[in-house]
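Quick note: numbers below take in every heavy atom, side chains included, and nothing from hydrogens, waters or symmetry partners.
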Amino acid sequence: MGAYADFHRRSIENRESFWTEEARRIHWHRPFDQVLDFSKPPFAKWFVGGQTNLCYNAIDRHLDARSDQTALVYISTETDTERRYSYRELHAAVNACAAVIQAQGVGRGDRVLIYMPMIPEAAFAMLACARLGAVHSVVFGGFAAASCATRIDDAKPKLLITADAGLRGGKAIHYKPLVDEAVSLSKHPPEKVLVINRGIDKDFSMVPGRDVDYAEALRQHGSTPVPVTWLESSEPSYILYTSGTTGKPKGVQRDTGGYAVALASSMEHIYCGKPGEAMFTTSDVGWVVGHSYIVYGPLIHGMTTILYEGLPIRPDAGIWWKIVQEQKVTVMFSSPTAARVLKKQDPAYLKKYNLSSLRHLFLAGEPLDEPTHRWIHDAIGKPVIDHYWQTETGWPILSLAPGIEKAKVKYGSPGFPVYGYDLKLLRESDATEAAPGEKGVLTIAPPLPPGCMTTVWGDDERFVNTYFRTFPKLMLYSTFDWGVRDAEGYTFILGRTDDVINVAGHRIGTREIEEAVQSHANIAEVAVVGVADSLKGQMPLAFAVVKDASKLDTEAGRKSQEKEIMDAVDHQLGAIARPQRVLFVNSLPKTRSGKLLRRSLQALAEGRDPGDLTTIEDPAALEQIRGVLKG
Ligand code: AMP
């Protein structure tokens, strides 16, 4: 690891000169005066005094050299549509969208909540906000009204942008009524709701004075040119909510200049994409991967990005490979769950298409098990690079960087610390460095590199208290992941240190699910744990104590209670958080001091040894749990 080790070392030891060089990759309207202001640790400000704009870097900057090149291809297997936008057309579409947003009274620093299916207008809206200096917050379309309302109350958006409906596997998902409910639940409702009518839902209603039809607004305002608003590098570009151990999601706040530089540099050093080539990221704009590598990263790099609406196996399991062939994709980015889904399908689909354009397949978001890594590697005959990151960081923490050095892929490992990250693997007991082969907590010595979260939206204290207090004497950012390093420096991720679970790459706090279960009137107490799942990585499992046990007397009663609880979770959080089962028990296993024995519960549910139980208050609780798990 000569070349890469040197590169990484330089990024830490000569931080300022390293990032000054990387910052040349983007356009600065005004050059920065200072590379890094770390005068108030752990808060880091990158490229201080510099002025730039994400939308300008993603679109306008390319208009001279590549105005006719395709910037965005929208492929929907839900509506059988393919639409291509050149950089010139994307510029026009984003300008028109910005004009509409501006006409609703939105300006620099105002928040705009985007709740949209995977349609080009979702990307237009994000880029249009960036153009105006407005702060977007995309909420994943699978979240329920109550989750959406929590995010509205925290971000206090002036405007909400939505569509009539999304489609999943041919089934309509009605967005507009859900938005109406979220707005009515909210304490800080947005002044306006902009609605993109796809013509899927024929019956949705518009609220007079509040709701604005996008097509009509485009006719009225779309031709007004919208100049770029230059932002100081540290001004926020967006907020993205993510789950933690409390019931309240955190608004991860991202800056402007640092993010643009980090993405631009990763496109070359990690993803090895070249301007003019195509990148296909199979995520959703509601997740961080969608922000960084469907929208901003590939466009900043002058690539063609593919925005896909649909499932990986519909019309058949060859659809993604067909896209790779037809669009001559060179960089593909997907998730371990998607790889496991494809593994279950007929392997002939992989042989049917010509994948010769593809350089690498990148996977992230959850642990990639060794057999799946090996399978997909062999199946596509291309290097498959597992890389590890978090919503908080916005780009990879651990990865191979084939743009710098072609290191061998080790199955099950996301590789080495990415340049810019001063990673430390520490023993939990005394915060000393773990030896090779020894488990430790993955931490990052601040300053966090450009691109990472700068704070929790509206709550600097929460940023410090959540992320930098794991080792009280050391101000280190905790990833809340366990890791282990082998003798060659490859790191392996061993799972979370907290009560956050990962379902098909989507991070969910068990506390949030417990609160949703508790919204059911008959629930006295509940514990939710994540249990291993061969497809989705993990699935939530709930153990519930009811108030009125007579409702569980019959099998039908039990089933109906379980269904009601699952519906409550769907309603509060969305179907992605639904427990796979709700098991009813008389009491939950706790220590004598009243602490829930969560790890033991999880171990029992996965058929493992529950560990040391000497502190348990009521051993009968555990026996009953063993019983219901067997039943
Ligand atoms: P999210 O912020 O939703 O992307 O979730 C981040 C979490 O997902 C991390 O803290 C890890 O627990 C997990 N994760 C992400 N990428 C990987 C990976 N390549 N290998 C193992 N775990 C991962």
Side-chain angles (χ1 to χ4, degrees), residues 142-144 146-147 243 245 247 337 340-341 344 366-367 369 495-496 498-590 596-611 613 618 620-631:
F143 280 124
S147 292
S243 295
T245 42
T337 290
R340 288 190 290 263
V341 167
K344 293 196 161 173
E366 55 180 315
D369 55 286
R496 297 279 301 191
D498 59 7
D499 294 325
V500 167
I501 62 173
N502 195 317
V503 181
H506 308 321
R507 184 163 136 192
I508 308 169
T510 46
R511 189 74 219 119
E512 278 179 274
I513 307 177
E514 286 168 3
E515 282 181 18
V517 171
Q518 242 141 9
S519 71
H520 186 279
N522 198 26
I523 293 295
E525 214 183 354
V526 61
V528 172
V529 296
V531 291
D533 182 87
S534 63
L535 195 63
K536 296 185 173 180
Q538 275 187 309
M539 278 293 281
L541 177 68
F543 294 90
V545 181
V546 293
K547 293 178 189 158
D548 174 4
S550 68
K551 295 224 160 90
L552 307 176
D553 281 350
T554 62
E555 186 53 24
R558 197 174 276 267
K559 282 266 162 266
S560 124
Q561 288 279 288
E562 183 174 21
K563 164 115 188 11
E564 280 177 32
I565 291 165
M566 288 185 177
D567 288 348
V569 176
D570 284 7
H571 191 71
Q572 292 282 316
L573 293 174
I576 52 167
R578 185 193 304 161
Q580 98 195 129
R581 289 287 320 272
V582 181
L583 300 174
F584 297 103
V585 290
N586 298 333
S587 64
L588 295 171
K590 291 189 185 147
L596 186 70
L597 288 163
R598 205 181 271 283
R599 301 256 170 263
S600 307
L601 259 183
Q602 187 191 31
L604 281 177
E606 290 181 343
R608 291 182 286 113
D609 175 8
L613 295 169
D618 175 14
L622 219 59
E623 276 320 303
Q624 196 195 9
I625 302 251
R626 281 202 176 94
V628 293
L629 282 166
K630 274 196 204 119

Given side chains that start at C-beta, do those of Lys344 and Leu535 come closer than 4.5 Å, heavy atoms only?
yes
Just how far is it from atom OG of Ser587 to atom CD of Gln624, taken to the nearest 0.5 Å?
6.5 Å
How long is the straight-line distance from CD1 of Ile625 back to CZ of Phe543, given to the nearest 0.5 Å?
5.0 Å
Are side-chain heavy atoms of Leu541 and Pro579 found at a separation under 4.5 Å?
no
Can you tell me how far CG of Leu629 sits from CG of Leu583, rounded to the nearest 0.5 angstrom?
6.0 Å
Flag the pair Asn586 / Val545 as yes when at least one side-chain heavy-atom distance between them is below 4.5 Å, and no otherwise.
no
Could you check whether Gln572 and Ser147, counting side-chain N and O atoms only, form a donor-acceptor pair closer than 3.5 Å?
no
Would you call Leu601 and Pro589 a side-chain contact if the rule is heavy atoms closer than 4.5 Å?
yes
Main chain of Val529, side chain of Thr510: is a donor-acceptor contact present, judged purely on distance under 3.5 Å?
no
Neighbour count above 12 (heavy atom, 6.0 Å) for Lys563 NZ:
no
For the atom pair NE2 (His520) and CD (Glu562), what is the distance rounded to the nearest 0.5 Å?
11.5 Å
Strictly distance-based, threshold 3.5 Å: is any side-chain N or O of Ser243 a donor or acceptor partner for the main-chain N or O of Ile508?
no
Between Gly574 and Ala144, the two heavy atoms sitting closest are N-CB, 3.5 Å
Asp499 vs Arg599, side-chain contact (heavy atoms from CB on, under 4.5 Å): CA-CA, chis, key distance, verdict
CA-CA 9 Å; Asp499 294 325; Arg599 301 256 170 263; 3.9 Å; yes
Do Leu597 and Lys590 have side chains that get closer than 4.5 Å, going by heavy atoms?
no
Non-hydrogen side-chain atoms of Arg340 and Asp369 separated by less than 4.5 Å
yes
What pairs with Asp498 under side chain to side chain contact (heavy atoms under 4.5 Å, CB included), at least two apart in sequence or on another chain?
Thr245, Phe480, Arg496, Val500
Restricting to non-hydrogen atoms, name the atom on Ile523 and the atom on Lys547 that form the minimum distance, rounded to 0.1 Å.
O-CE, 3.3 Å
Taking all atoms of both residues into account, what is the closest heavy-atom pair of Met566 and Gln580, and its distance?
CE-O, 3.5 Å
Taking all non-hydrogen atoms of both residues into account, name the closest pair between Leu596 and Ala527 and its distance.
CD2-CB, 3.5 Å
Residue from Asp548, Asn522, Val582 passing side-chain contact (heavy atoms from CB on, under 4.5 Å) with Gln561:
Asn522
Determine the minimum heavy-atom distance between Ala568 and Ser519, stating which atoms define it.
CB-OG, 3.9 Å
Kindly indicate whether the side chain of Leu622, heavy atoms from C-beta on, has any atom under 4.5 Å from the side chain of Leu604.
yes
Atom CG in Asp618, atom CD in Glu623: separation rounded to 0.5 Å?
10.5 Å
Can you tell me how far the CD atom of Gln602 sits from the CD1 atom of Ile501, to the nearest 0.5 Å?
9.0 Å
Listing request: all salt bridge (charged side-chain N to carboxylate O under 4.0 Å, His left out) pairs with a residue in residues 508-518, at least two apart in sequence or in separate chains.
Arg511-Glu514, Arg511-Glu515, Glu514-Arg598
Salt-bridged, Glu564 to Lys551, with N to O below 4.0 Å?
no
All side chain to side chain donor-acceptor pair (under 3.5 Å) counterparts of Gln538, not counting sequence neighbours:
none
Between Ala504 and Thr337, the two heavy atoms sitting closest are CA-OG1, 3.1 Å
